[in-house]
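First the proteins, then the strands, lettered A, B, ... as listed; each starts at 1. This is a predicted model, so every value here is computed, not measured.
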Number of protein chains: 2
Amino acid sequence: MAKATDGNGAPVPQRLLAAATRLFAERGYDRTSVQEIVEAAGVTKGALYHYFGSKEDLLQEVYARVLRLQQERLDAFADAEAPVERRLRDAAADVVVTTIENLDDASIFFRSMHHLSPEKNKQVRIERRRYHERFRALIEEGQQAGVFSTATPADLVVDYHFGSVHHLSTWYRPDGPLSQQEVADHLADLLLRALRP
Amino acid sequence: MAKATDGNGAPVPQRLLAAATRLFAERGYDRTSVQEIVEAAGVTKGALYHYFGSKEDLLQEVYARVLRLQQERLDAFADAEAPVERRLRDAAADVVVTTIENLDDASIFFRSMHHLSPEKNKQVRIERRRYHERFRALIEEGQQAGVFSTATPADLVVDYHFGSVHHLSTWYRPDGPLSQQEVADHLADLLLRALRP
DNA sequence: GATCACATACCGACTGGTTAGTCTGCCGAG
DNA sequence: CTCGGCAGACTAACCAGTCGGTATGTGATC
């Protein structure tokens, strides 16, 4: 018998988080009962409320994880040694790939954020804003260097691109005609083309 | 005493629809109780269930209305007498303006569609698909005429643009620095710039 | 022009079912 | 023996939809 695992190989908190992520993405936060989550994780309510303070905490944890991941990756691409147009393209394509790889998190993110209480919502917004600004700085850098058009404010360009990223969970299907990388390349390409001076 | 109006100037079904739209956008579909809707509309449950079969029917009505409106407008712009790049630009800018003008409907649309039952969801998807295809046809027309780049599949270009349109309800604020028309012009501009050969 | 039949519009108490979160207690490891 | 980790019955609240009832209007009949 394994150490702290019964119905599955992973520790209970991770199992709960994984089950919650899948169910929230599938049916939405409000339509998913705590009972369903604990059953999917192979435990009971006692276990869930032992590790998490509330159902909402579970949702916030999902956000926090995906935000940390994406911020790390963006920072890595933005700080690389390369021309700004290259760094922007890589970052723009990477966020598409990682979003597709975590489509569940993405759909939860954009559909259920308003279910968080005001304080937690604020917290998430602050993190998101940091991400947005890092991306914007990249565009502004290119604009100042003269390699990107200044016709559109950088803020709007960021929202334009992230709109399409956010939209991915609505239309992208793994069994569709385009691979993750192809979609990412096309979307990054559209961004760069729109920014040509 | 007016004819069929007591607490307000509009007929009861419209009042219910307006109240539901506002509340669904504010708190989400599941978080809005039927009781709250009828109170906001100044009637009782009896009235609501007299005019609508269910809470879900109310949500579907919201969709049907906004879909009809946007399809009509797109058709008008697409069928106009003008060069294709002009027709596309006008259509792309118009959908931004009408979306901003109906931000409540927009946020309900992309946050609550999955709350519809499978059949109703399918119905909405069919209507949406028709809209998508009309828009795509416009892009393909321009590509065949050689005025738009063929580097990106037209389907993807449509999703790129509509991603940004959906995203509007997340970030656009009427008291922000940009007017509706300015945002619309910028977003249409980004689309056209990305499509330059 | 009075009466009856029937329909439309709406009211509001009630029901059956669901849900998040609590609490008491068991159990195995150190 | 005790303490973290967890089970599962329980509670208090809530909610969509129902249903019997009332009020007002309308058209037919005599």
Side-chain angles (χ1 to χ4, degrees), chain A residues 1-21 23-24 26-62 108 112 114-121, chain B residues 1-21 23-24 26-62 108 112 114-121:
Chain A
M1 232 153 284
K3 246 195 294 201
T5 65
D6 287 42
N8 191 300
V12 170
Q14 270 88 333
R15 292 221 308 272
L16 283 165
L17 220 45
T21 301
L23 289 167
F24 288 166
E26 227 168 67
R27 324 216 230 278
Y29 178 77
D30 281 325
R31 301 271 172 119
T32 304
S33 72
V34 170
Q35 193 56 44
E36 287 171 325
I37 297 171
V38 298
E39 272 167 24
V43 293
T44 62
K45 284 188 166 192
L48 192 152
Y49 284 97
H50 179 70
Y51 291 109
F52 299 92
S54 65
K55 183 184 175 186
E56 204 190 343
D57 280 1
L58 217 46
L59 180 59
Q60 198 192 19
E61 244 332 278
V62 174
I108 295 173
S112 305
H114 62 294
H115 287 142
L116 284 175
S117 65
E119 322 99 64
K120 292 187 177 167
N121 201 305
Chain B
M1 234 157 284
K3 246 196 289 201
T5 67
D6 287 39
N8 188 303
V12 169
Q14 270 89 333
R15 292 221 308 273
L16 283 165
L17 221 44
T21 300
L23 289 168
F24 288 165
E26 226 168 65
R27 320 215 229 282
Y29 179 76
D30 282 324
R31 302 269 172 122
T32 304
S33 72
V34 169
Q35 193 57 44
E36 287 171 326
I37 297 171
V38 298
E39 271 166 24
V43 294
T44 62
K45 283 190 170 190
L48 192 153
Y49 284 97
H50 179 71
Y51 291 108
F52 298 93
S54 65
K55 185 184 175 186
E56 204 190 342
D57 280 2
L58 219 46
L59 180 59
Q60 198 192 19
E61 245 331 280
V62 174
I108 295 173
S112 306
H114 60 293
H115 289 321
L116 284 176
S117 65
E119 321 99 63
K120 291 184 177 166
N121 201 305

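Ranking D:dA16, C:dA20, D:dA7 by closeness to the A:Ser33 side chain, first place goes to C:dA20. Closest to the side chain of B:Ser54, from the set D:dA7, D:dG17, C:dC11, is D:dG17. With C:dC10, C:dT22, D:dT18 as the choices, the nucleotide that has an atom nearest any side-chain atom of A:Lys45 turns out to be C:dT22. Taking the side chain of A:His50 as heavy atoms from C-beta on, and the options C:dC11, C:dA9, D:dG4, the nearest nucleotide is D:dG4.
Between the CD atom of A:Gln35 and the P atom of C:dT22 there is a distance of 15 Å, given to the nearest Å. If you measure from atom CG of B:Leu59 to atom C1' of D:dA16, you get 15 Å, rounded to the nearest angstrom. One interatomic measurement links the two molecules: CG of A:Leu48 to P of D:dG5, which rounds to 14 Å at whole-angstrom precision. As rounded to whole Å, 16 Å separates atom P of D:dT18 from atom CZ of B:Phe52. At whole-Å resolution of the value, CG in B:Leu58 and C1' in D:dG17 are 14 Å apart.
Here the side chain of A:Ser33 pairs a donor or acceptor atom with the backbone of A:Glu36 at under 3.5 angstrom.
For A:Lys55 and C:dG21, a side-chain-to-base donor-acceptor distance below 3.5 Å is absent, hydrogens and geometry of angles not being considered.
Under the 6.0 Å distance and 45° angle rule, A:Lys55 counts as a cation-pi partner of A:Tyr29.
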Go through it in stages, so that I can follow the logic: the residues are A:Val12 and A:Arg15, the test is side chain to side chain contact (heavy atoms under 4.5 Å, CB included), and I'd like the CA-CA distance, side-chain angles, deciding distance and then a yes or no. CA-CA 5 Å; A:Val12 170; A:Arg15 292 221 308 272; 4.3 Å; yes
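Where A:Gly46 and A:Arg31 meet DNA chain C, the nucleotide closest to each residue was compared, and A:Arg31 sits on the side nearer the 5' end.
A heavy-atom distance below 4.5 Å is found between the side chains of A:Ile37 and A:Leu16.
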